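Structure first, then comments.
Chain letters run A, B, ... following the sequence lines, proteins first, then strands; residues in each count from 1. Remember, it's a predicted structure, so these values are computed and weren't measured experimentally.
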Amino acid sequence: MSIIRAPRGVRDILPEESWKWEYVFAVTRKVAGDFGYREVHLPVFEHTELFSRGVGETTDVVEKEMYTFEDRSGRSLTLRPELSASMVRSYLENRMDKQHQPAKLWSAGPMFRYERPQKGRYRQFWQIDFEAIGSQDPYVDVESIELSLEVFRRLGLSNLEVVVNSVGCPVCRPVHKNALQDFLRPRLDQLCETCQGRFDRNPLRILDCKNPSCRALTDKAPDTISCLCDECSEHFDRVKGGLNRIGASYSIDNRLVRGLDYYTKTAYEVLSGDLGAQNAVCGGGRYDNLAESIGGPHTPGVGFATGVERIILTMEQQGCSFGKTPNIDVFVVFTNPSSKDEAVSVLYGIRRAGIAADMDYTGKSFKAQFKAAGGSGALYACVIGPEEISSGRATIKDLVSGEQETVSRDVLTVFLEARLR
RNA sequence: GUGGGCGUAGCUCAAUUGGUCAGAGCGCUGGACUGUGGCUCCAGAGGUUGGGGGUUCAAUUCCCCUCGCUCACCCCA
C-alpha cells in the first residue's frame, strides 16, 4: 500500500518556506495598522447562500468552483472561496454599521476553489483581504488602491502594473449591456464559440476575451466608461483625481471586468510581470450592492484581496529579501557522554534566559556535534566537558570568527546576551 | 472540464540505435593519531527506474491503461 498523499491542489508549507510567509504577514500587519485597518478572524466555512447570493449565481466561482458540502444536520455549507462576502456578513451581523464608518477591517487565511492547479493557482490558497465598509467616498477607493501598493512597496516588489476601471452600477450597467449587445449582434457569428455563449448571459466578459480575433472585433465596442451614469462618472473622475493627487501610478484598462458580480464602480487589479498566466497578485474594487444581496441594508464598501502564494512567488522571482533567516543563537556541545547531563542543564539555563539554543540528541561524536552546530546556523557553540564542569565554567566559541574563550557559568547568559545584542 | 510536457536515490539530473550487477553532483551518516565545525580527502547507506499490463531472448528506453506532477485554456488570488 502506498502512502496517502495530500489531495490535489493543496500543499504543505515547510520550514524552508514558512518563515517567508511570516515575513509577508509581519509586513502586511504593519501596513494595515498604519492605514487604520484592524484584524478580524473569520470562519473558514459559511452558509452556501452567502456566496451564491453575495458573489453571484452566474459567476464561475459559484457555478463550478465551490467546495460545498452538507453537514450532519443537512445544512449546505461551503468552504469560503473569497473573503469579501464573509467580511460584509460579519459587519452586518456584528452591527458595525452603528460604529465609526467606514469599518476598516483586514483578515488573512486560506480560501478554497475547485480548479485545476497550475503555477500560482491552488485549491487551497491564502489571501490577505482588506475591506472598508460603510463609505462611498472616492477617497476610500483611493486609499484601498494605495494600501495595496504600499504593501507591495514595503515587501520590496517592483515591476507591478496597476490597472483601474469603472464597471458602473445598476443604473448604467444595463445601458452598457444594451449598447454592447447592439454593437456585437451584427458580428455575432464572427465571435469565438465561448463568446457567442456569453452574448446573452454576460456580454461584459466578451470584452475580456483573449482570443485575438475577438479582440479585434471588440476593439471599437462601447466600453463601460463611455456608458457611465453621471454619478458613476463623477465617482470615477474623483478616484482618478485622488490617485493623481497622492502620486500613485496606474493605468486605465476599460477591458478590465472582474469575475465577481458584486463589483460596482471602481474595479482594479495589480498585475505582476514575473508570474505565469495567473498574473494577478491583487484584485479588488467597490461593491455597493453586496450588503443588500445578502439581506442587509444598502451599505457601500471597497476592498481587495492579495494572494500570498503569488506574492511570495513574485518576491522570489525578483530576489526580494524576506528578512533574517530564523536560526538559533547557541548550540551546546558536550565532549563525552558523561558530560551530557550537565550540558542539558546549561542548555536550559540559556533557553530560560530567552536565548535560542539547541543541542544534539542523536548521540553524535563530539566532532559531529560541532558539525551540527555549524549547520544549525548558530552564532556560538557552547562547549561542556570535564574541564568546564570541574571549574564551573563554559567554553564559548564564536562560530563565525573561530575565536573562543571560557566564562564562568554564573555569568554565561549575561555574557551571551551581550554578545548577541 | 479540455489540451501539451513530464514521472530514474531525500534533491537536481545521466544512462549510446531497447543489451553486462541503473550512475554522478548535492545532501545525509561515519572517518582522516580519540576536546573543536565551515574547506579538502576517504568510506558508507539509500532506487522492485510512479503503479499495472503488453511486445521482445532482453525494456529506464517501444505500445496500452492507470495514478500523480507540471504548464496552458476558462477564470481568477
Side-chain angles (χ1 to χ4, degrees), chain A residues 1-9 11 14 16 55 58-65 80-84 108-129 148 192-195 197-198 202 205 208-211 256-260 263 267 269-272 275-284 304-314 331 333-336 338-339 360 362-389 395-404 406:
Chain A
M1 192 176 101
S2 55
I3 60 161
I4 297 172
R5 303 170 55 95
R8 157 171 271 193
R11 64 199 200 99
L14 302 177
E16 293 72 37
V55 177
T58 64
T59 58
D60 277 9
V61 168
V62 171
E63 272 185 347
K64 53 183 198 187
E65 295 172 4
R80 61 187 182 190
E82 59 107 50
L83 220 33
S84 297
M111 306 298 146
F112 306 85
R113 291 186 200 172
Y114 187 88
E115 296 183 272
R116 286 287 285 266
Q118 68 187 71
K119 188 178 174 69
R121 167 181 288 169
Y122 308 94
R123 289 185 171 179
Q124 174 177 332
F125 60 98
W126 279 65
Q127 283 190 342
I128 305 175
D129 188 87
S148 66
C192 73
E193 226 171 275
T194 44
C195 280
R198 292 195 266 226
N202 200 343
R205 294 279 180 76
D208 209 26
C209 186
K210 275 139 196 148
N211 187 318
L256 175 63
V257 177
R258 309 223 0 102
L260 311 182
Y263 286 110
E269 283 183 0
V270 180
L271 277 18
S272 165
L275 291 171
Q278 309 310 320
N279 62 349
V281 76
C282 159
F304 70 91
T306 71
V308 179
E309 287 85 355
R310 290 184 187 180
I311 286 176
I312 290 173
L313 229 41
T314 304
F331 200 97
V333 298
F334 48 97
T335 61
N336 59 346
S338 63
S339 302
D360 174 69
T362 61
K364 284 188 202 294
S365 67
F366 179 55
K367 208 177 175 80
Q369 287 179 59
F370 245 100
K371 208 166 190 169
S376 74
L379 298 171
Y380 296 96
C382 175
V383 182
I384 300 298
E387 291 170 24
E388 284 80 5
I389 293 172
T395 299
I396 299 298
K397 178 170 185 176
D398 183 325
L399 290 170
V400 179
S401 70
E403 290 166 9
Q404 68 179 41
T406 67

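- Straight-line distance between the C1' atoms of B/rC63 and B/rA43: roughly 44 Å, to the nearest whole Å.
- Side-chain N or O atoms of A/R310 include none that pairs as donor or acceptor with a backbone N or O of A/N279 at under 3.5 Å.
- Using a 4.0 Å heavy-atom cutoff across all strands shown, A/E82 reaches no nucleic acid atom at all.
- The residue A/A305 sits close only to the backbone: its heavy atoms come under 4.0 Å of sugar-phosphate atoms, none of a base.
- Residue order along RNA chain B, read from the 5' end via each residue's closest nucleotide, puts A/G402 first among A/G402 and A/R113.
- When heavy atoms are screened at a 4.0 angstrom cut-off, A/V400 is found touching base atoms of the nucleic acid.
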Pairs counted only when both distances fall under 3.5 Å, Watson-Crick or G-U: show me the 5' to 3' dot-bracket for RNA chain B, [ ] for pseudoknotted crossings and | for other-strand partners. (((((((..((((.....[...)))).(((((.......))))).....(((((..]....))))))))))))....
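- For A/T59 against A/L260, the heavy-atom pair with the smallest separation is CG2-CA, 4.0 Å.
- With A/Y122 as the aromatic partner, A/R11 meets the cation-pi criteria of under 6.0 angstrom to the ring centre and within 45 degrees of the ring axis.
- Following rounding to the nearest Å, A/L275 (CG) and B/rC71 (P) show an atom-to-atom distance of 11 Å.
- Using a distance-only test at 3.5 Å, with no hydrogens or angles considered, no donor-acceptor pair links the side chain of A/R113 to the main chain of A/R80.
- Comparing B/rG46 with B/rG3, their C1' atoms sit 38 Å apart, to the nearest whole Å.
- Taking atom P on both B/rC71 and B/rC64, the two are 25 Å apart, rounded to the nearest angstrom.
- When heavy atoms are screened at a 4.0 angstrom cut-off, A/E309 is found touching no nucleic acid atom at all.
- At a threshold of 4.5 Å between non-hydrogen side-chain atoms, the residues A/C282 and A/E269 do not count as touching.
- The side chain of A/Q127 sits closest to B/rA77 out of B/rG35, B/rA77, B/rC74.
- Backbone-only contact: A/V281 has heavy atoms under 4.0 Å from sugar-phosphate atoms and none from a base.
- Between B/rU60 and B/rU16, the distance separating the two P atoms is 13 Å to the nearest Å.
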Quick one, A/D129 with A/F304, criterion side-chain contact (heavy atoms from CB on, under 4.5 Å). Give me CA distance, side-chain angles, the key distance, then yes/no. CA-CA 6 Å; A/D129 188 87; A/F304 70 91; over 6 Å; no
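- Taking the P atom of each, B/rA72 and B/rG31 are spaced 48 Å apart, rounded to whole Å.
- A/G120 comes within contact range of at least one nucleobase, with a heavy-atom separation under 4.0 Å.
- The distance from atom OH of A/Y114 to atom C1' of B/rC74 is 15 Å, rounded to the nearest whole Å.
- A/D129 comes within 4.0 angstrom of nothing in the nucleic acid, heavy atoms only.
- The side chain of A/K119 lies closest to B/rC71 when the candidates are B/rU36, B/rA77, B/rC71.
- In this structure, A/Q278 places its CD atom 9 Å from C1' of B/rA72, rounding to the nearest Å.
- For the pair A/F331 CZ and B/rU36 P, the computed distance is 17 Å after rounding to whole Å.
- Within the nucleic acid shown, A/R5 comes within 4.0 Å of sugar-phosphate atoms alone, with no base atom in reach, counting heavy atoms only.
- Distance check on atom P: B/rG68 versus B/rU29 gives 34 Å, rounded to whole Å.
- In this model, no side-chain donor or acceptor of A/Q369 finds a partner on the base of B/rU36 within 3.5 Å.
- Between the side chains of A/E388 and A/T395, a donor-acceptor pair is found at a separation under 3.5 Å.
- Note on A/Q118: a side-chain N or O is less than 4.0 Å away from OP1 or OP2 of B/rA72.
- Checking side-chain atoms of A/D60 against main-chain N and O of A/E63 turns up no donor-acceptor pair under 3.5 Å.
- If you measure from atom CD of A/E65 to atom C1' of B/rC73, you get 14 Å, rounded to the nearest angstrom.
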Give each protein N/O atom lying under 3.5 Å from an N/O atom of nucleotides 30-32 of chain B, with the pair distance.
from, atom 1, to, atom 2, distance (Å)
B/rG31, OP2, A/S365, OG, 3.4

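- Atoms CZ (A/R121) and P (B/rA72) sit 9 Å apart, rounded to a whole Å.
- A donor-acceptor pair is defined here as one N or O able to donate and one able to accept, closer than 3.5 Å; no such pair exists between the side chain of A/E65 and the backbone of A/P81.
- Remark: the A/Q124 side chain and the B/rA77 base include no donor-acceptor N/O pair separated by less than 3.5 Å.
- Counting to the nearest Å, the P atom of B/rC71 and the CZ atom of A/R116 are 12 Å from each other.
- In terms of modelled atom types and a separation under 3.5 Å, the side chain of A/S339 and the main chain of A/T335 share no donor-acceptor contact.
- A/E309 places a side-chain N or O within 3.5 Å of a backbone atom of A/W126 that can act as its donor or acceptor partner.
- Across all strands, A/E388 comes closer than 4.0 Å to base atoms (heavy-atom distances).
- For the pair A/F125 and B/rA77, the ring geometry qualifies as stacking, because the centroid separation is below 5.5 Å while the planes lie within an angle under 30°.
- Here A/E115 pairs with A/R121 in a salt bridge; the nearest charged N to carboxylate O distance falls below 4.0 Å.
- Using C1' as the reference atom, B/rA15 and B/rG52 are 25 Å apart when rounded to the nearest Å.
- Look at the P atom in both B/rU70 and B/rG23: the space between them is 31 Å, to the nearest Å.
- Rounded to a whole Å, the CG atom of A/L399 is 14 Å from the P atom of B/rC39.
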